[in-house]
Amino acid sequence: MVPPRVLASVPPDFPPEKLASGEHPSVVLKVTVFTNGSVGDITVEHSAGPEFDAAAIAAMAKWTFAPALRGNTPIASRVGVAVHFELPDLLVHDVSSVAGAAAPVPHSHEEPARDTRHPEARAQEVMGAKAHVHGVMRGEQRGVNDVRIDGALLRAAPAQDSGDLLKRAPGVVVARIEGDAVAQRIMLRGFDADHGQDVELNVDGVPINQPSHIHGQGYADLGFMIPETVRSLRLTEGVYDPRQGDFAVAGTADFELGVEKRGIQVGSGYGSFRSFRELALYAPQGFGADTFGAVTFKKSEGFGQNRGSTSGGAIAQIGWDAGPLHLTLHGSVYAARAATANVLRRNDIESGKVGFYDVYPLATTEAQGAATQRAQISARARYHGPRGENADMLAFVVLNTFRLQANYTGFAETSRKNPRWTGRGDLIEQSNDDRSFGFKGRYRTTELHPFTFMRTFLETGVSGRFNTIEQKQNLIEAPQNTTWDQRIDATISALDVGGYLDLDTTITERVHLRGGVRADLLNYQVDDRLANLIPAFREQDYIPGYRRSAAGIAVGPRAVLEVHVLPELSVIGAYGEGYRSPMALLLDDGEPAPFVKVKSGDLGLRHVFGGKDELELRASGYLTRLSDDVAFDPREGRAEPVGPSRRVGFVFYGVTRPWPWLLGALSVTYVKAALEKPPYSTVEDPDPPFKKGQALPYIPPVVLRADVSAERHLFEAGDHPIMGKVGAGYSYWSPRPLPFGQRAQPVSLIDAELGLTYRMFTGTLSCFNVLDVQYAALELTYPSSFNPDGFASRVPARHIMAGSPRSFFAMFGVSL
Amino acid sequence: MMPSARRLIRDLSIGLLPALLGACGDTGRAELSLPVFAEGTKARDVEIEGARIRLTQAEIAFGPLYLCATESAESDLCETALAELLSTQTCDGLSPRQQPFPELAGTTGKVQSGFFDYGITWGLTQQMPSPNKGSVRGHSARLRGQIELDDGPSFAFHADIDIEPLSAGDAAVNGLRTRHDLTTDTQSLTVLFDPNAWLRRIKLAGILMLEPDEKGEVSFEPGSQPYEAIVQGMTANSPPTLEWLGH
């Protein structure tokens, strides 16, 4: 890949109000260089104050480039450019100078030596020395559906929390169903990822999925991110990048934190169900987007009975340059507590026994809720070498606590400790305390030429992660909160050692091959203190408890072949093998291969229309095989294995920016998800039925998402413009197949937002579920008995968790 | 929601339906419900050593009933049942005509066993067993009949039978054998009772130990040999059988 070159540079006007300050700073900008050489999407990477920033942006908008080339094909790229300000100097005010000067104001500084080089050469030097050329740090196109969603698209439609931002990515269904203290449920291209088991989630490189979490493998709560601090999202569908590690079964979502609008922002909002939110955000001038501090508090009574929540979080992050290094320190804390109504039997709703948004009027269900705490410290160093080589080193410490009380089955449990204790309510109490330490490191070489016709970059990476997890699961009798059974009491140590090799190769001018191999060693030690439990009526002839260990290595190749059929049209094929780590508590001693393996293939097209990427389209088909799928088991409150599965699907994704003020995106994902073999036999069901092509339940075959936003100057009020914004997002989930030949209703949701900005004031009115659709955000089918006075039902019945009805939220903000 | 908006959503859903139908495959089982009937057996003389017994009345409370995929059903091994009859109904055990019961609700699958109560249930949330609505005046069964001794005299008897589960969550009768591939083509289930068979293990000596009342009628009380023999017959030796109609 050939980076873009400056053809014409325009010097910035020195801000007159800063003339007396004596400052002569640099502003580092990130710009997108389009295929026609013009620039757009200019953001401040390192600020020098609003006046300098504004002047630098204004100048940069007039620069023209020779676009980056892949082979002979011009491609859009994103580069960093440093714009340096010198105090006005009559001798250095050449309009072609990169270091600009405008007003011929006398000054007392020494005259700098005049640079007589060609302006393009000077600009190139600036770019080479100062710019962070992220666009060429690494070939990111790892599959047809490897998309980067920028801040504008992330904020096109309103979001209730950071998890909502994932909806903008193609094929994603995300919903926070169990209250603000339980992680979002995610589905991605036919994978019911539950709380994250099939989607690898990273925030600035730090892995968010928690291994062997008691409420679900790969549990990942995105609530700690403050939406205003999310700068971009990269979604890689499939497992085609050697960087992708544990849980990258359906794909990987990488969030980047950053605040581009510098200064102080304060916001206060109030909305339906007595919800309020306070936000304070400080992004100091003179620093890059990755330097900011933010704090938020939220409280709501919830949209129905037993749904109140309180949460709050703070993030502080600082980034600075130290020679060729860019260093970032991050600290964040988050806590949430929320009640939850959890499940309701559909037949109880239909018969009027309980309202759609209500909770069963029982002590054991009214005690349902969750609480979570999270703290993270991380440090990152990124190196940009003079010849394109680069490296990245990340270290992190993350502490998570989680506690859940939920009753999925009513009154169906009997104490295993003392079988005479029965019928006290199946209020499961789960707790999970996770301490995670880890690092990631990678190095990418400068361009290598193994053959005369071939250019390649070699990247090697390593990662390590050590988790110590304390987990418990009990049955609690409400309201007195006495423990009437213990189901899990364990300590787990989990170690993940990963390494990969990645080649980014240009074979011919039109053919690019990226890929390599990744290997991970997983090692577990489990102290299962309740294993071999002796019931109370039996004489004790041994001591309960079982300590065990297991280890295994997962190796998987990944490769992406991209062929540029036309300058604007690429054909992309990809194949990859990945894995998901096991639930450590389910491992036996010495189990050799404790992995769920995934094999995935994609083939599709990517087409870019227009010189400024006015329209980008992607279309692909994919096939994924999973060696052992899982389905939610309400009795255990977590997913359990069901057997191998296959998914065949199609993804369409389009983004358009026809004018600077208008943005639209549309994605449609179609998938047929099926079991490949009969489900595992159990004591209860020794011969489970199976038909070829038997559908996996709960997965919507069609997921559609459309986002649109328009933001432009409306009119002048006084001497100041009033900016208006309107945005909307539409989500559609087709009927989800349910067990026993049933289908859930389709879901169509529209969220919309209106915003006005005048001077430093911003007002936003958001409406979620505009059409007030009453819908089940989750449907599950299993036996339950929520009537303590009736016969216990043992036949599977449909249960729902209600999605939120229409709600409004108004936010007023001041920017200083 | 505005009607026009609802129509829009509905139309959009219908428009996408063809694509959806291709992907909305079968998930393995199908829900079903089917009619249940009880059928008794005409009264006949039951010969025991030294006497003949003939029932004149057999009111039987039956249910709830759970049908399972396991070989040997009991509540612990059948937390998820294939089908269930969640009520108690009284039938005439001496009537060979079909007596309608509430419907059986469940899913398709291979039924191999079942467990049930005779009108008295000990649910997980109950401190002790209690008769269900639909029981025979608070009992599992009421039997009346005539005993005719070989040496001449005859007298009437009655018995109010209570069959209670042994522990909370357990059923009165576990391990009921039945094999049927429950499909959507299955048309009905008939529960066949033969209360005459419950009398076979009664001993004359046990009857003669009982004091007749002022009308000369004998009551089989719990603990007596005839009572326990009937309980044995109802739960172990001659429990009801299940007859399926259709595949």
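A note on names: the letters A, B, ... follow the listed sequences, proteins ahead of strands, and every chain is numbered from 1. Values in this document were obtained by computation on a predicted structure and should not be read as measured data.
For a residue to count as touching a neighbouring chain, one of its non-hydrogen atoms must lie under 4.5 Å from one of that chain's; by this rule D117(B) does not touch chain A. When heavy atoms are compared at a cutoff of 4.5 Å, L82(B) approaches chain A solely by way of its backbone atoms N, CA, C and O. No part of T108(B) comes within reach of chain A, as not one of its non-hydrogen atoms sits under 4.5 angstrom from that chain.
For C91(B), there are no disulfide bond (SG atoms under 2.5 Å apart) partners, not counting sequence neighbours. Here P788(A) pairs with L362(A), F411(A), T125(B) under the side-chain contact (heavy atoms from CB on, under 4.5 Å) rule; sequence neighbours left out. Judged as a side chain to side chain donor-acceptor pair (under 3.5 Å), and not counting sequence neighbours, the contacts of Q112(B) are R179(B).
Residue R420(A) places its CZ atom among 12 or fewer non-hydrogen atoms of other residues, nucleotides or ligands, all under 6.0 Å distant. Heavy-atom neighbours of Q745(A) CD from other residues, nucleotides or ligands within 6.0 Å: at or below the threshold of 12. At most 12 heavy atoms of other shown residues, nucleotides or ligands fall within 6.0 angstrom of atom CZ in R201(B). Crowding of Q127(B) atom CD: a count of heavy atoms from other residues, nucleotides or ligands under 6.0 Å not exceeding 12.
V795(A) and G106(B) make their closest contact through CG1-CA, 3.8 Å (heavy atoms, listed as atom of the first residue, atom of the second, distance).
Atoms CZ and NZ, on F791(A) and K133(B) in that order, are 10.0 Å from each other to the nearest 0.5 Å. Residue E31(B) holds its CD atom at 9.5 Å from CG of L738(A), rounded to the nearest 0.5 Å.
With a 4.5 Å cut-off on side-chain heavy atoms, E84(B) and S793(A) count as touching.
If you tally non-hydrogen atom pairs under 4.5 Å between each of A674(A), G423(A), G790(A), P700(A) and chain B, the highest count goes to G423(A). Highest contact tally toward chain A, considering only A81(B), G123(B), A105(B), is held by A81(B) [criterion: heavy-atom pairs under 4.5 Å].
Using a 4.5 Å heavy-atom cut-off against chain A, the contacting residues of residues 161-178 of chain B are A168(B), G169(B).
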